Amino acid sequence: MKFLFLFLAILLAMEPVVSGRRHMLRCMGDLGICRPACRQSEEPYLYCRNYQPCCLPFYVRIDISGKEGKNDWSRENRWPKVS
């Protein structure tokens, strides 16, 4: 009986192993994934360290100017306006 409890304790302490899955390289502050080809709902943006495109979801907005203008997502500029 002690052997069974010892075996269960060791089994629960080990990390789960998922075979066949590779670690996916994340990009753009963990918003995107580096893939050979982006999915239909993703947009390629720049390149990762492994020379694959950084695939971002379509709803992620990136402004390279660094200024917040009329296209920011503040409460006043959201659509539709609720009064």
Side-chain angles (χ1 to χ4, degrees):
M1 192 62 143
K2 290 181 184 179
F3 180 72
L4 179 64
F5 286 126
L6 180 63
F7 177 74
L8 287 175
I10 292 172
L11 186 66
L12 292 174
M14 293 174 50
E15 291 186 28
V17 176
V18 180
S19 63
R21 292 210 146 217
R22 292 177 33 190
H23 175 71
M24 294 199 302
L25 186 62
R26 304 293 295 202
C27 55
M28 292 299 294
D30 290 341
L31 292 175
I33 300 173
C34 300
R35 301 181 192 205
C38 295
R39 294 182 179 164
Q40 192 172 10
S41 63
E42 297 175 335
E43 296 290 327
Y45 184 77
L46 297 176
Y47 285 94
C48 301
R49 290 177 285 178
N50 57 1
Y51 302 106
Q52 293 178 343
C54 179
C55 301
L56 296 174
F58 68 93
Y59 56 83
V60 175
R61 301 211 183 253
I62 298 173
D63 185 16
I64 59 173
S65 69
K67 296 185 288 184
E68 289 188 16
K70 295 180 181 177
N71 60 351
D72 67 343
W73 287 82
S74 63
R75 187 169 189 87
E76 297 81 30
N77 294 331
R78 272 191 241 157
W79 181 86
K81 293 189 182 215
V82 180
S83 31

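Since we're looking at a predicted model, the values are computed, not measured.
Here the CD1-CD distance, from Ile33 to Glu42, works out to 6.0 Å after rounding to the nearest 0.5 Å. The distance from atom OG of Ser41 to atom OH of Tyr59, rounded to the nearest 0.5 Å, is 9.0 Å.
In the hydrophobic clustering of ILVMFWY residues, with side-chain heavy atoms under 4.5 Å counting as a link, Val60 and Leu46 come out together.
For CZ of Arg39, the number of neighbouring non-hydrogen atoms (other residues, nucleotides, ligands) closer than 6.0 Å is 12 at most.
Disulfide check for Cys27/Cys34 fails, with the SG atoms at least 2.5 Å apart.
Between Leu31 and Pro57, the shortest heavy-atom contact is O-CD, 3.4 Å.
Cys54 pairs in a side chain to side chain contact (heavy atoms under 4.5 Å, CB included) with only one of the listed residues (Glu43, Met28, Arg26), which is Met28.
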